Amino acid sequence: KKLFSVTTDGAPAMLGKNVGFVKLLENWLEHPLLSFYCVIHEESLCAKVSAKQLTEVMSVVVKIVNIIVARSSLIHRQFKEFLNEIEAEYGDLLLHTEIRWLSRGKVLNRFVSLIDAIQIFLIEIKENFPQLDDKLWLLKLRFLTDITNHFNEPYLRLQGNQHTILKLFEEWKSFGAKLQLFESDIQTSTFQYFPMTKFIGNEIDNSNLEMLINYVRNIKEDFSSRFDKLKSNGSMFSFIICPDRMDEKDIDLAYFKFLQIDKFSLEFIDFKSSNIWQEKFKELRAELERTEANNLNLIANCWSSFPPRFS
């Protein structure tokens, strides 16, 4: 029963108020749990990006890619030869894999980079996609590509098994601030952080600009609401590397009843009165600044070095 946190995909079966998995687990453990959405789960961060209009954009992209790459080896070979003849930036398209969110960004980037060649080739093989001549559809395509690239950055940084809850919180905090910046960037029609969209920025009228702003606002609201518990406990997560800088009131001990916390207040006073142990965590932070690798091991080794009197 030494469990204090659980991460889910946000499904109702997981988070039901009375009979959801998390509630049932809390009942069995007899203490509350910190429950989070998986920050690198597609539905957690990108529910609003997957709005109907943008989903339709991705659907057309997948259809075109499948026609060129997967329908016929002859067509695929002809397309690659065509790209070689025109000395295109890339030599092929990429197939989209639904179960891998990161593949969406790669597919979209490649598709946008080759869109002129794709249009010409589809005409040659007598495949008609009027969306490729639709300015609104092309705007959504470029915006979807840009915003997906932004989502992929924290995904990539959070991959692997050497990350802590503090790292997750820092990524969440950073991305939330970036969403505010993205909204301002679009409002001013600067598109500094949306290079694909900026390419056709002069063609974006006020109604389409408002559409993009609303997309970002919806993402921002959804992002904030889904990770509300992460935000409310953010200061507590810093305890793992900054206990010397914190007060006892910053820590909700209700989540740690399975530990020996009866004497926590006394031991915390002893800890904060010790120059040796305060220096220990200063050294830890200095080491973490020098490297992003093995952070979890560095933190664990520091805590495991405590003498028995700190139970």
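Side chains are part of it too, since the values below use all heavy atoms of this structure and drop only hydrogens, waters and symmetry mates. These numbers come from a predicted model, not from an experiment. Along the sequence shown, the residues carry numbers beginning at 1.
- Applying the ring-ring contact (aromatic ring centres under 6.0 Å, His included) rule to pairs touching residues 109-147 yields F79-F121, F143-F194, F143-Y215, sequence neighbours excluded.
- Between E221 and R217 there is no salt bridge, since none of the side-chain N atoms of the basic residue sits less than 4.0 Å from a carboxylate O of the acidic one.
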Check residues 198-210 and write down every donor-acceptor pair under 3.5 Å in which the side-chain atom is one partner and the other belongs to a residue at least two apart or another chain.
unit_1: D205; atom_1: OD1; unit_2: S207; atom_2: N; d: 3.3
unit_1: D205; atom_1: OD1; unit_2: S207; atom_2: OG; d: 2.9
unit_1: D205; atom_1: OD1; unit_2: N208; atom_2: N; d: 2.9
unit_1: D205; atom_1: OD1; unit_2: N208; atom_2: ND2; d: 3.3

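- Within the structure, no pair that satisfies the salt bridge (charged side-chain N to carboxylate O under 4.0 Å, His left out) test touches residues 234-243, not counting sequence neighbours.
- The structure places OG1 of T164 at 11.0 Å from CG of L298, a figure rounded to the nearest 0.5 Å.
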Show me the side-chain donor-acceptor pairs of residues 68-78 shorter than 3.5 Å, one per line, residues at least two apart or across chains.
unit_1: R71; atom_1: NH1; unit_2: E127; atom_2: OE2; d: 2.8
unit_1: S72; atom_1: OG; unit_2: L74; atom_2: N; d: 3.2
unit_1: S72; atom_1: OG; unit_2: I75; atom_2: N; d: 3.4
unit_1: H76; atom_1: NE2; unit_2: D92; atom_2: OD1; d: 3.0
unit_1: H76; atom_1: NE2; unit_2: D92; atom_2: OD2; d: 2.7

Any chance you could lay out the side-chain contact (heavy atoms from CB on, under 4.5 Å) test for W28 and L24, step after step, and finish with the verdict?
-> CA-CA 6 Å; W28 182 75; L24 294 174; over 6 Å; no

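- With sequence neighbours excluded, the residues forming a side-chain contact (heavy atoms from CB on, under 4.5 Å) with P195 are D146, listed by chain and number.
- Atoms CD and CZ, on E283 and F281 in that order, are 11.0 Å from each other to the nearest 0.5 Å.
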May I have the step-by-step check of side-chain contact (heavy atoms from CB on, under 4.5 Å) for I123 and N128, ending in yes or no?
-> CA-CA 7 Å; I123 293 172; N128 182 35; over 6 Å; no

Result block: side-chain N/O donor-acceptor pairs under 3.5 angstrom for residues 240-249, not counting sequence neighbours:
unit_1: D244; atom_1: OD1; unit_2: R285; atom_2: NH1; d: 2.9
unit_1: D244; atom_1: OD2; unit_2: R285; atom_2: NH2; d: 3.0
unit_1: E248; atom_1: OE1; unit_2: S265; atom_2: OG; d: 3.0
unit_1: E248; atom_1: OE2; unit_2: S265; atom_2: OG; d: 2.7

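- Of the candidates T145, N149, N152, N109 forms a side-chain hydrogen bond (donor to acceptor under 3.5 Å, both in side chains) with just one, namely N149.
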